Amino acid sequence: MYKYKPKQIEQELLRRWRECNVYSTQNLNAGDKKYYSLYSFPYPSGSGLHVGHAEGMVANDIMARYYRMKGYKVLFPMGWDAFGLPAENYAIKTGTPPQQSTENAIKNFIYQIDRLGISVDWSKEIGTHRPDYYKWTQWIFLELFKKGKAYKKKAPVNWCIGCKTVLANEQVIDGKCERCDSEVVQKEMEQWFFRITDYADRLDSDLEKLDWPRGTKQQQKNWIGKSYGTRIKFNIVEINDVIPDQVIPQTNNSLLLKNIHSNGNDNLLSKSTKDGLKISVRETSETDLKEKEIVGCLEIFTTRIDTIFGATFCVVAPEHEILEALKNKIQNWDEVKRYISESTNKTSLERQTQKEKTGIEIKGLRALNPFSGDLIPIYVADYVLINYGTGAIMAVPAHDERDYEFAKRHQIPIRKVIQNDDKNEGEKDDELFTGYGRLINSREFSGLDSKTAIEKMQNWVIDKNLGRKETMFKIRDWLVSRQRYWGAPIPIIYSPKAEKEGYGYVPKDKLNVLFLHGFGSSGRKGWRIDFEKEMTKLGHKVYLPDLPNPLAPSFVEWENFIIENYLKAFDQNEKVVVVGHSLGGLLAFKLAEKFKLAKIIALAPATPKMDETVDDHLYTSESLNALKDFFNATKDLNVASISKNVDELIIINSKDDYVIKQKSQEFWKKLFKDIAMFVDFENMGHFNNQDLPNGFPELYAYINIKNNSPYPGIFPVNERDLPVLLPVDVNFKPTGESPIKLSKTFNQGVKCPIFGTDAFRESDTMDTFVDSSWYFLRYTDVSNQFAAFSMPKLLPRYNSPRNNEIWETAKEVAALLKDLNYAFFGPLAVSIINGGPYKQLSEIDVVASSHHLKSVIDSLIKNNYELITTEQKDSGYTKLRKNNVELTLRSISLEVTQELKFIEKYYDGVMLKVSTIEDLIEYCKEKNDNEALEMLESTYNQTNLWSPADIYMIGAEHTVLHLLYSRFLTKFLYDCGYINFSEPFTKMRHMGLILGSDRRKMSKRWNNVINPIDEIEKYSADTIRMYEMFMGPYEEAKPWNDRTENGVFRFLNRVAELSDKVSEDYESITQKQRVNELVKKITTDIESLSYNTAVAKFMEFSNFLQEEESISRDVWEKFLKLMAPFAPFLTDHLWNLLGNDNSIHLEKWPDYDGSISSVRDIKIVVQINGKVRGTLTLKNEASESELIELVKQNESISKYIKGEIKKSIYVKEKILSIVC
RNA sequence: GCCGAAGUGGUGGAAUGGUAGACACUGCGGACUUAAAAUCCGUUGCUCGAUGGAGCGUGAGGGUUCGAGUCCCUCCUUCGGUACCA
C-alpha cells in the first residue's frame, strides 16, 4: 500500500521545481491574459515567518497556481519591507549593522517560504533597503518635491531629554522614553511633508471604484473625513471699558444689524481690518451704541451655519495666530500666555486623554456675530485644534456637545435656535440637541428646516462677502521625515551660502521658457530636445524657435521675430524665462531692455565686439558682414533698464569655451557685476550639442533655482547622483544623535549646486511607508536600471554620436548591415553594457550575437574597414577603423535584457548604436512590422500591462495608512503621466487574524505561538497549507486547533492511499459526473476565495472515492489537478507516480463539461403550509400537477393536507410548496 | 460616543429566499491489539418517545413571504477601528 512520506517528496520536489523554473514569470504582451497576485511584502524580522504570513501567502499562491493552470501569465513576486526601527534597535543593542542582520533574516524567510511551497518567482525579489530600490524611492521624493508635492515645515516631534534624540511614537511609553526612561517633550523641528491633502477628494471619491472590503473603504473615508461647511468671518472689536455682562439676552437688535449691513459698504466686514475702520455696536443690548474700532477678524469654519444665531462665544486654539497678533489688546495676556504654554507643552496624547474642557476667556476682545450682531466673548481652549479647519470655532452650546460641556463649565449662556421636530409627544426638550430640525430665534431664518437654512444662510454669507462654502478634510499632510538611520536618505542638499544669498529651488513654478539659439544653429536640436522633455515634465512650457537666417543673422529681424511671435503672444500673467545661447544670449539682453522677464540665463553669450567673439577665418564673408551689423546694433546696452526689467540674470560660461574668449567673458562680468549671478564651468566648451552629448542637467536646475525662493539654500540632489547611499561608517552605540550625522563620508564632496561652496545633505530618512507605497510598481520591472518601473514616457536617454564623421560612418555601417539584411539599431543593449545612459562615446559600437559577428566583420573588411585588433579573449572586442572612426564590435550574451531578445528574434542579432528608442520604434513602423512594434512597446510597458494588481492580500491592520499612501503615490505618478492607472489595487482582501488555540492573539507572552516550520516538520507543508485554508472564512479571525490540523493530515494520508485504487481502464459514469461537479465547485470557490469550502469538497470527494472499488485514471488526474494549487507537493508527486514526467503545475486546469448531466435522481422537497413534510424522488422531470398527484398518493405526506389545496408553488427540481 | 464587522450544535464552521448544521474536530459506542498509539466502522443540535415518529431550534422581539439563518424594523451582545475634526 502506498504511504504518504512528505519529508522525502517535499525536498525532492523543491529541487525539481527550482531546476525546471516552473514558476518563472514571462514578459507580458498587450492582449495577454494576465494575473498579478500581490502579497503585502513582509518585514523580514529575525523571528521568521509566522502563521499569518503563511495564510496570506498560501492564499496568493493558490490564486497564482490556479491562474497559471488556466493559461494566464502570472506575476507572483515577493520582497522585503526591510527598513524600519526593529533592525536599528537590534543594531544599537548588538552592534550588528542592519544591512547584515536584515540580509540574514531574508535568507531565513526565503528558506521558509520555499518550504511552504509558495510559487514565487524569486527573480522578482526586491528589498526596500537595497540601493537599487531606494534609489527610486528617492527619485519619487524628488518628483514630488519638483512638482510642489513635498515641502518642509515645522512640526512637533517627541524629544527625549535624556538621549537628546527624536523618538517614534512607539518608543514613547507613558510619556517616558522606552530606553532611558527620561521625560519626553514636544519639540518643534523642520520636517518634510507630502501634500496628500491635495488628493483628499480623489482618494475619497475613487473608493467607489474599488472591490475592497466595505469596512476598509469606510475607514478610509472616515480618515479622509470630508465634510461640507461654511467659512465665515467674525470681526473682532476691542472693549476697553467695563467688562460687559456675561449674559447676552436673546437679542432683537435689528438696529445694530442694520447699522452693520446698511452703511453702504458691503465689504466693510470682509476687509482685513487693521486700518482703523469703525462700526457702531452695543456691548449689550441695554447699553448705548458706541463707536468701536475693528481690530482684527476671526475666520471660523462650521458645518452647522444653521445654528449661528445660537453662537454665544468663539473659541480659538492655543496656537492661533490671532493671540500673538492682538496680545497688546488682551487685558489678561499673562493669564492667556500661561494657558498657551501649558497646553502646547502637553503631548498630543495628554491633550487627547484629558477629560475636562479647560480654557480661559480673552478679556478686552469680543467677536461680532455677523448674523445676530451680538458681541460675544472669545475663549482660548485646547479642545479646539489648530490643524483642523481654521483653528477657530463659533461655539453653539445648545447644539454641539463639546461647546455645551464647555459652556456649562464656564457659565456661558446657552441659546436654543433649533427645534427638534421629530421628538415624540410629551418628551421634554433637552437643553442639548445636536440633530437637524427647525430654526427658531433666528430672525428671518426662523421656521426654516436646517437643510434649507444652511443653503440660504450660506448664500447670505457669500452675498455679504463674509465668507464662502468650503469642503474640509480631516486628513493631514503626510509627515515623512524620520530622524533615524535605517531608512532611505532624503535626497536633499543644503547650502549655507545659497541660504544666505536667498537662492533656492522653486518647485512648481510654471514658466514660459524661451530658448534663443546662436549663430548658425537651430532650436529643436541635440540636447535641447532633452531640455524640452525635462522642462515639460516640470510643467513648464518650452519654446525652441528657429531664428531666421542663422548664417546671416540680422538683429532687427531676430528681435522682431521673437517679439511678434513670442513675447507679445505670451499671456501677460505668465513668467518668462529666456535662455540665450551665444548670439542668442546677446539677443536676450537686448530684449530685456524692452520686456519684463523673470529670468535670463545666458549661456556663453556673445559680446557685441567682433574681435572678442569671432575668429575671422571660420566664417564666410556674408556671415561676417551680418555679424558686424548685428554687433553694431547691439553695442549700446542699457544696463539700467535691463536691471529694472529682469528679476534675475544668470550668466554661465565655461573656461574651455572655444568660441567666446576669456576677455569677452570678463566684459559681461564687468558690465553686469551688480545685477547678475555668474557661473563658471570647466569642461562645457561652447555648450554646443557636441560639447554636451548627455544633455545639460545643470541648466534644468537653473531654470527652477531663483532668488527669494521659498526654500532658500535647499536643493534637490541631481537625479544622476542617485542613490544617496546610507553611510556605513557609523556607530550604533546610542549617542543621542542619528548615526548618519556622525558619518564622515556622508557629506564628503557635497557642493552647493550654484555656488559650488561646501554644502551638506539632509540627514533625515524617509518614513518606511514611503518605501512600501510603490513597491508593487517595482515588481513589474525589478531590474530596470533607467527608471523606477517601466515608463514609456521616460525612456532612457541615449548618446548621440559625438561628431559628424562618426555619424556619417555610423550611417554607412547601418546601410551596410541593412544590405546584409541585419537591423541597424539597438541603443539599449549598448547602453546597458556600457554601464548606463550617460556614458560618452567616441566610437561606434556594433553589437551582435557571436555567430553573426564573423560575417559582419568580413563584410566590413570588404568595404575598406581596416582591422586593428581581432577578438580578444578577455574583452571579446574586435576593433576596426575607417578614416578616423573606430568601430568596436563585440559579441554579447543574449540574456542580458529583454531588448536583446527582441533584437535576436526579429533582426538576426546585429545592432549598431544609432540614436534613441524612438528611432527603433520609427524603424518598426517604417518596416510595417506590427509584431515587432508591439513587442518593443510592451517591453517598455510592463508596469502598465501588469498593473493594477488583480488581488492584494494584506493584513487587516493595514486598513488605512499603507493603502492610502499607496493610492496617493499611484495617483501622483498617474498625474505625472508615468502610469496609465490611478488605483493600484482594484481588488483587495484581508486575511483574517489567526489566534492561538486559547483564542488570544498569538504572542510569546501567552506562549501560544505556532511556528509554520515546526508544523511542516510535524506533518507536511501541504498539511499546514490546507489546514490554514480550511480553518474558516479567509477574512475572519479564527483560532488555531491542532486536532483539526491533524484531521487535515489524515485526509492527505487517505488521498495518498487512494492512489492504489487508480485503474487505467476503469470507467464509471458516477465518478465522471462527480468529478465534473467538483471542477465547477472548486473553480468558483477559488475565484470567490472560499478556500475553506473548497477543502471541504475535496474531503467529500475523497470520502466518495473511498467507497469506490476502483478509480478511473481520468477522474483521478482531474482530482489531482484541482487540488494542485492547495497541496502542490503531494499532488505533483502522485501525478508523477502515474507516469507523467512533467510537473502537474504546468498542466491545464480541467474544464467543466456542461454536457455531462447529473444522473442522480431528482429530489423534490414537499412543504405543506410552510413545513417540510417529506421528499419525492423522481427519475424524470414532472409537471406541477403530476407532482401534486404524487403527493396525494403518498400517505405519509398527504396526511398533513387538511382540506382544499388553496395554492401551490413549484420551484423546478427543488421544492413543492402546498398551502391549504 | 461615532464608524465597521459579526452573533448558527460541545468546537471551527456550511447553507444563489427553498430539507439548517455540509466538511471537520470533540464526545460516545464498537473493531483491530496482550495493551497503548495509529487506523477503521457506527453515532453525535435539543426535548419527548421503545420504535415509527412528533415538537422545538440560527442573539431577542416584531414584520414581509407559500417558505426567512438569509430581506425589512427595533433592541441586546462580542470583536475591530477611531476619537474633542467644529
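We name chains A, B, ... by the order of the sequence lines, and we start the count at 1 in each one. Every value quoted in this text rests on a predicted model; they were computed, and no experiment measured them.
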Enquirer: Relative to the 5' end of RNA chain B, which residue comes earlier, A:Gly225 or A:Thr1044, by the nucleotide with the nearest heavy atom?
Expert: A:Thr1044
Enquirer: Rounded to whole angstrom units, what separation is found between the CZ atom of A:Phe1049 and the C1' atom of B:U39?
Expert: 13 Å
Enquirer: Need to verify one output field. Residue with the more 5' nearest nucleotide on RNA chain B, A:Arg1054 or A:Ile393?
Expert: A:Arg1054
Enquirer: Tell me the partner of B:C2, counting only Watson-Crick (N1-N3 plus N6-O4 or O6-N4) or G-U wobble (N1-O2 and O6-N3) with both under 3.5 Å; none if nothing fits.
Expert: B:G81
Enquirer: What integer distance in Å separates A:Asn222:CG from B:G1:P?
Expert: 17 Å
Enquirer: Under 4.0 Å between a side-chain nitrogen and a carboxylate oxygen: does that hold for A:Arg989 and A:Asp211?
Expert: yes
Enquirer: Does A:Arg1050 place a side-chain N or O at less than 4.0 Å from the phosphate oxygens OP1/OP2 of B:C25?
Expert: yes
Enquirer: Do NZ/NE/NH1/NH2 and the carboxylate oxygens of A:Glu405 and A:Lys357 come within less than 4.0 Å?
Expert: yes
Enquirer: List every contact pair, protein side and nucleotides 73-75 of chain B side both N or O, where the distance is under 3.5 Å.
Expert:
none

Enquirer: Assign A:Thr216 to base, sugar-phosphate, or nothing according to its heavy-atom contacts below 4.0 angstrom with the strands shown.
Expert: nothing
Enquirer: Can you tell which of B:A86, B:C23, B:A20 lies closest to the side chain of A:Val1172?
Expert: B:A20
Enquirer: State plainly whether the residues A:Arg468 and A:Glu470 are in salt-bridge range, i.e. N to O under 4.0 Å.
Expert: yes
Enquirer: Cationic tip of A:Lys987 within the cone over A:Tyr952's six-membered ring, i.e. under 6.0 Å and within 45° of the normal?
Expert: no
Enquirer: Within a strict 4.5 Å, meaning less than it, do heavy atoms of the A:Lys1097 and A:Ile1082 side chains meet?
Expert: yes
Enquirer: Measure the shortest side-chain to side-chain distance between A:Glu1045 and A:Met1031 over non-hydrogen atoms and say whether it is less than 4.5 angstrom.
Expert: no
Enquirer: With a 3.5 Å cut-off and heavy atoms only, can you find an N or O donor on one side and an acceptor on the other between the side chain of A:Lys1206 and the base of B:C66?
Expert: no
Enquirer: Going by purine N1 to pyrimidine N3 plus the second Watson-Crick contact, or the G-U wobble pair, all under 3.5 Å, which nucleotide sits opposite B:A35?
Expert: none
Enquirer: When you compare B:A22 with B:C73, how far apart are their C1' atoms, in angstrom units rounded to a whole number?
Expert: 32 Å
Enquirer: Choose from B:A24, B:U19, B:A86 the nucleotide whose nearest atom is closest to any side-chain atom of A:Thr303.
Expert: B:A86
Enquirer: Using the P atom as the point on both nucleotides, what is the distance between B:A36 and B:A20, in whole Å?
Expert: 42 Å
Enquirer: Counting the benzene-type ring for Trp, do A:Trp478 and A:Phe193 have ring centres under 6.0 Å apart?
Expert: no
Enquirer: Using the C1' atom as the point on both nucleotides, what is the distance between B:A37 and B:A31, in whole Å?
Expert: 16 Å
Enquirer: Does the side chain of A:Asn1008 come under 3.5 Å of the side chain of A:Asp998 through a donor N or O and an acceptor N or O?
Expert: yes
Enquirer: Could you give the CZ-to-C1' distance, from A:Arg1000 to B:U78, as a whole number of Å?
Expert: 17 Å
Enquirer: Assess the side chains of A:Ser40 and A:His958: does a donor N or O sit below 3.5 Å from an acceptor N or O?
Expert: no
Enquirer: Report the distance from atom CE of A:Met1099 to atom C1' of B:C25, rounded to the nearest whole Å.
Expert: 10 Å
Enquirer: Under 3.5 Å, which N/O atoms of the protein pair with N/O atoms of nucleotides 13-18 of chain B?
Expert:
| from | atom 1 | to | atom 2 | distance (Å) |
| --- | --- | --- | --- | --- |
| B:A14 | OP1 | A:Asn1092 | ND2 | 2.9 |
| B:U16 | O4 | A:Lys1214 | NZ | 2.3 |
| B:G18 | N2 | A:Gln1167 | OE1 | 2.9 |

Enquirer: What integer distance in Å separates A:Lys3:NZ from B:U39:C1'?
Expert: 8 Å
Enquirer: Please give, in whole Å, the distance from B:C40 P to A:Glu1107 CD?
Expert: 12 Å
Enquirer: For the residue pair A:Tyr1027 and A:Trp1040, is the inter-centroid distance of their aromatic rings smaller than 6.0 Å?
Expert: yes
Enquirer: Please confirm whether the shortest side-chain N or O distance from A:Arg1043 to OP1 or OP2 of B:A24 is below 4.0 Å.
Expert: no
Enquirer: Taking OP1 and OP2 of B:A20, is either one under 4.0 Å from a side-chain nitrogen or oxygen of A:Lys1171?
Expert: no
Enquirer: For atom C1', what is the distance between B:G53 and B:A5, given to the nearest Å?
Expert: 42 Å
Enquirer: Give a yes/no answer on whether the side chain of A:Asn1103 brings an N or O atom under 4.0 Å of OP1 or OP2 in B:A24.
Expert: yes
Enquirer: Name the orientation class of the two ring planes belonging to A:Tyr388 and A:Phe301 (parallel below 30°, tilted from 30 to 60°, perpendicular beyond 60°).
Expert: perpendicular
Enquirer: Both distances below 3.5 Å, Watson-Crick or wobble geometry, any strand: find the nucleotide opposite B:G21.
Expert: none
Enquirer: With both distances under 3.5 Å as the test, what is the Watson-Crick or G-U wobble partner of B:G52?
Expert: none
Enquirer: Among B:C3, B:A24, B:C84, which nucleotide sits nearest the side chain of A:Lys357?
Expert: B:C84
Enquirer: For nucleotides B:U82 and B:U58, find the distance between their C1' atoms and express it as a whole number of Å.
Expert: 32 Å
Enquirer: Round to a whole Å and report the spacing from CE of A:Met1029 to C1' of B:C23.
Expert: 16 Å
Enquirer: Ring centres of A:Phe1098 and A:Phe1051 under 6.0 Å apart?
Expert: no
Enquirer: Using whole Å, report how far CG of A:Leu993 lies from P of B:G80.
Expert: 9 Å
Enquirer: For a quick check of understanding: with a heavy-atom distance under 4.0 Å over all strands, which category does A:Phe406 fall into, base, sugar-phosphate or nothing?
Expert: nothing
Enquirer: Between B:G10 and B:C46, how many Å separate the two C1' atoms, rounded to a whole number?
Expert: 12 Å
